[in-house]
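Notes follow the structure.
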Amino acid sequence: MDSSILAGLPVFRMVARVGGFTAASGRLGISVSAVSQSIRQLELRMGIRLFDRTSRSVRLTERGRKLLEAIEGPIGLLSGAIETAREMDGEPSGHLRITLSRLAAEICILPTMADFVRRYPAIRLELSTDDRLTDIVSGGFDAGIRFRGTLELDMISVPLGPPLRRSMLASRDYLARAGEPQTPEDLSRHAVIRYRFPGSGRLEPLMLRRGEETIQLDPPAVLILDDNGHFALASRAGLGLAQRFRATEEAAIASGALVSVLDAYEPEPQQFHIYFPSRDLQPAKLRAFIDWFKTGRAGLGAAR
């Protein structure tokens with residue numbers, strides 16, 4: 001096979017996965033013009049058009065789509081084999097791209113990220129924080145970090161970080177004005193702050209437990225937010241009750257700024273998982289990342 005075709009296939013694969021020449025240039029570490037030239041030469045050598053281009057978008061042609069489907073598996077395996085061979089006698093290295101929610105970053109990664117970067121200087125770590133669910137394959141990510149229940153069934157996943165308790169929290173001022181709910185049904189008579197998923201637009205139900213049964217409640221909301229970081233401000237301002245992960249509010253609970261209610265109905269703790277498509281030829285850079293943040297060196301400690 002023509003060596004220039006082989007050389008152009010990884011560039012073609014990246015452009016197809018990220019949907020553009022500019023984005024691909026950033027992932028590959030080469031200029032946009034170099035990406036464009038590589039694709040042009042590949043199309044000329046193969047004698048087919050791989051992309052339809054406009055001033056605003058780059059889209060695979062039907063032949064381009066079939067080529068991508070044919071090379072995706074073999075190139076992934078080859079890249080993993082080459083990286084494994086390179087790292088047998090040295091430190092894990094390379095560009096490691098992780099997509100994760102802001103909460104996962106705060107809980108699982110940021111507390112010891114600096115130590116990880118110092119320990120593995122040859123790994124170029126890239127964290128993409130986004131509360132929307134992300135397709136790690138089409139997005140060109142090595143792995144993602146989300147709650148287990150949100151993952152696709154064909155993903156391999158490993159628990160990461162501490163089990164996280166979720167509590168109903170409110171300020172003392174709010175409870176003095178509105179009273180303290182005694183049962184889940186009382187929430188329908190309270191001001192409740194709720195979360196809307198940025199991707200689906202769906203309101204997150206309140207998750208509680210009654211005995212062995214998990215129940216989902218859908219009370220009216222006095223305030224709806226799509227950023228977890230805004231909940232602390234709203235609940236501390238006395239605007240209402242909010243279901244929060246305690247690990248993010250321990251200082252406020254300890255100081256008395258926030259009070260937990262309905263503790264007897266608290267749901268089972270949740271845990272983040274790091275997920276990826278396959279265990280085959282898992283690169284050393286990803287293994288190092290998983291081992292580091294799985295061993296207890298990350299996170300805010302066990303949930304109390």
Side-chain angles (χ1 to χ4, degrees), residues 98-113 129 131 133 143-153 155-170 180-184 186-187 192-197 202-219 225-232 234-236 241-276 289-304:
I98 306 292
T99 173
L100 70 170
S101 67
R102 289 173 174 81
L103 183 63
E106 179 183 350
I107 297 289
C108 300
I109 305 303
L110 296 183
T112 59
M113 179 182 66
T129 53
D131 289 333
L133 291 178
I145 303 175
R146 297 289 190 278
F147 285 120
R148 183 71 182 92
T150 65
L151 307 185
E152 296 180 14
L153 295 178
M155 287 289 163
I156 307 298
S157 71
V158 178
L160 203 70
L164 301 173
R165 289 175 57 188
R166 300 187 74 183
S167 298
M168 295 299 304
L169 301 175
E180 181 175 331
Q182 301 300 314
T183 69
D186 291 342
L187 292 174
V192 179
I193 306 167
R194 295 184 59 185
Y195 179 76
R196 189 182 296 281
F197 292 105
R202 182 174 62 90
L203 278 178
E204 182 181 30
L206 301 183
M207 305 295 293
L208 297 166
R209 282 183 69 84
R210 182 180 281 113
E212 296 300 315
E213 179 187 6
T214 298
I215 58 176
Q216 296 186 16
L217 299 180
D218 189 29
L225 302 169
D226 67 358
D227 188 323
N228 275 298
H230 299 160
F231 272 78
S235 54
R236 293 180 199 188
L241 286 154
Q243 189 167 48
R244 301 281 290 143
F245 288 100
R246 289 183 70 100
T248 66
E249 299 292 355
E250 289 292 0
I253 295 171
S255 71
L258 291 177
V259 177
S260 63
V261 299
L262 298 177
D263 290 348
Y265 300 93
E266 187 177 289
E268 289 292 322
Q270 288 183 274
Q271 192 168 15
F272 281 110
H273 280 65
I274 184 166
Y275 61 100
F276 40 90
F289 183 90
I290 294 172
D291 291 344
W292 179 271
F293 292 103
K294 182 184 173 185
T295 55
R297 279 176 277 203
L300 301 179
R304 294 192 288 273

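Just the heavy atoms: all of them, side chains too, but no hydrogens, waters or symmetry mates, feed the values below. Fair warning: this is a prediction, and the values are worked out from it, not measured in the lab.
- Distance CD1/Ile145 to NE2/His273: 11.5 Å, rounded to 0.5 Å.
- Contact between Pro163 and Pro269 at its shortest, heavy atoms only, is CB-CB, 4.0 Å.
- Counting heavy atoms from C-beta on, the side chains of Val158 and Phe293 never come closer than 4.5 Å.
- With sequence neighbours excluded, the residues satisfying side-chain hydrogen bond (donor to acceptor under 3.5 Å, both in side chains) with Arg209 are Thr214.
- Within the 4.5 Å cutoff, the side chain of Gln216 has heavy atoms near those of the Met207 side chain.
- Remark: Asp227 engages no residue in a side-chain hydrogen bond (donor to acceptor under 3.5 Å, both in side chains) (not counting sequence neighbours).
- Counting only heavy atoms from C-beta outward, the side chains of Met168 and Leu187 approach each other to under 4.5 Å.
- Judged by distance alone, the side chain of Arg194 and the main-chain N or O of Pro219 form a donor-acceptor pair under 3.5 Å.
- What you find for Arg202 and Pro205 is that their closest heavy atoms are NH1-CD, 3.6 Å.
- With hydrogens and angles disregarded, no donor-acceptor distance shorter than 3.5 Å links the side chain of Asp186 to the backbone of Glu180.
- No side-chain heavy atom of Ile274 sits under 4.5 Å from any side-chain heavy atom of Lys294.
- Nearest approach of Phe231 to Ala242, heavy atoms of both residues: CD2-CB, 3.8 Å.
- Separation of atoms CG (Leu262) and OG1 (Thr183) is listed at 7.5 Å; rounding is to 0.5 Å.
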Chi angles and distances behind the side-chain contact (heavy atoms from CB on, under 4.5 Å) call for Val192, Gln243: CA-CA 9 Å; Val192 179; Gln243 189 167 48; over 6 Å; no
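- Contact of the Tyr265 side chain with the Ile215 side chain is not registered, since no non-hydrogen atoms from C-beta on lie closer than 4.5 Å.
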Between Ile253 and Leu169, does a side-chain contact (heavy atoms from CB on, under 4.5 Å) hold up when you go through it step by step? CA-CA 9 Å; Ile253 295 171; Leu169 301 175; 4.0 Å; yes
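- Partners of Arg148 by salt bridge (Lys or Arg N to Asp or Glu O under 4.0 Å), not counting sequence neighbours: none found.
- Taking the six-membered ring where tryptophan is involved, the planes of Tyr195 and Phe197 are perpendicular, since the angle between them exceeds 60° and thus also 30°.
- Distance check: Arg166 CZ to Arg244 CZ gives 9.5 Å after rounding to the nearest 0.5 Å.
- Glu266 is not listed as a side-chain neighbour of Ser260, based on a closest heavy-atom distance of 4.5 Å or more.
- Inter-residue side-chain proximity for Leu100 and Arg146 is flagged as met; some heavy-atom pair is nearer than 4.5 Å.
- When side chains are defined from C-beta on, Asp131 does not count as touching Asp226, because their heavy atoms never get closer than 4.5 Å.
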